[in-house]
Asks: 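Provided herewith is a single structure, encoded as structure tokens, for subsequent inquiry.
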Amino acid sequence: MLISNSSRVNCGVNADWEAVLPVQHPQQHDRAALLWPARRCGGHGASRGALDYSLPFSRDSQYRKHYLPALAKLGIPAVRWHDLRRFYASACAAASIPIERAAKYMGHADIATMYKHHLHLFADSHTDDMDRLEAVATRPALVRIG
């Protein structure tokens with residue numbers, strides 16, 4: 001389960017993550033446990049800023065202290081969290097994941113949000129629909145008796 005400061009998103013992890021998490025995650029048997037820990041505020045010595053898996057991590061802190069410096073080191077222009085969400089929606093569309101499931105994975109409470117902002121990514125050529133309509137149109141006519 002992925003959790004932000006404002007919501008919980010229940011989504012699975014792939015087999016590679018499943019192999020690593022039991023070794024490194026202190027709540028490995030709790031399927032509802034937070035995936036990413038936060039840092040505890042305050043404390044002294046070794047407990048200062050300790051990882052706490054009971055708190056959701058701070059996206060703002062992660063963005064400022066880790067994400068932006070990593071991008072700068074790689075020579076990549078700054079990218080917003082929202083841009084990553086757009087990329088994820090695009091990747092779901094490219095992988096042919098149905099828009100309803102992608103909306104669930106992205107944490108949209110209402111499918112209308114996904115349709116409003118990301119429907120164009122899930123463009124459909126309508127080829128299958130047109131093939132089915134053509135099959136109906138080219139069927140031999142039924143003879144009416146009576």
Asks: Supply the atom-to-atom distance Thr113 OG1 to Leu119 CG, rounded to the nearest 0.5 angstrom.
Replies: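 If we round to the nearest 0.5 Å, Thr113:OG1 and Leu119:CG are 12.5 Å apart.
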
Asks: Could you list the donor-acceptor pairs under 3.5 angstrom formed by side chains in residues 92-100, with sequence neighbours left out?
Replies:
unit_1, atom_1, unit_2, atom_2, d
Glu100, OE2, Tyr115, OH, 3.1

Asks: If you look only at pairs with a residue in residues 61-74, which of them pass as a salt bridge (Lys or Arg N to Asp or Glu O under 4.0 Å), with sequence neighbours excluded?
Replies: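 Non-adjacent pairs meeting salt bridge (Lys or Arg N to Asp or Glu O under 4.0 Å): Asp60-Arg64.
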
Asks: Mind checking what makes salt bridge (Lys or Arg N to Asp or Glu O under 4.0 Å) contact with Arg101, not counting sequence neighbours?
Replies: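 Not a single residue meets the salt bridge (Lys or Arg N to Asp or Glu O under 4.0 Å) criterion with Arg101.
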
Asks: Considering residues at least two apart in sequence or located in another chain, which fulfil the salt bridge (Lys or Arg N to Asp or Glu O under 4.0 Å) criterion with Asp110?
Replies: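 With sequence neighbours excluded, Asp110 shows a salt bridge (Lys or Arg N to Asp or Glu O under 4.0 Å) to no residue whatsoever.
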
Asks: Does some side-chain heavy atom of His108 sit less than 4.5 Å from a side-chain heavy atom of His117?
Replies: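 A side-chain contact is absent here, since even the closest heavy-atom pair is not under 4.5 Å.
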
Asks: Trp81: which other cluster members, linking ILVMFWY side chains closer than 4.5 Å, directly or transitively?
Replies: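 Grouped by the 4.5 Å side-chain rule, Tyr63, Tyr67, Leu68, Leu71, Leu74, Ile76, Val79, Leu84 form the rest of the cluster around Trp81.
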
Asks: What pairs of residues pass the salt bridge (Lys or Arg N to Asp or Glu O under 4.0 Å) test when at least one of them lies in residues 76-90, not counting sequence neighbours?
Replies: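 Checked against salt bridge (Lys or Arg N to Asp or Glu O under 4.0 Å) - neighbours excluded - the pairs reaching residues 76-90 are Arg80-Asp83.
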
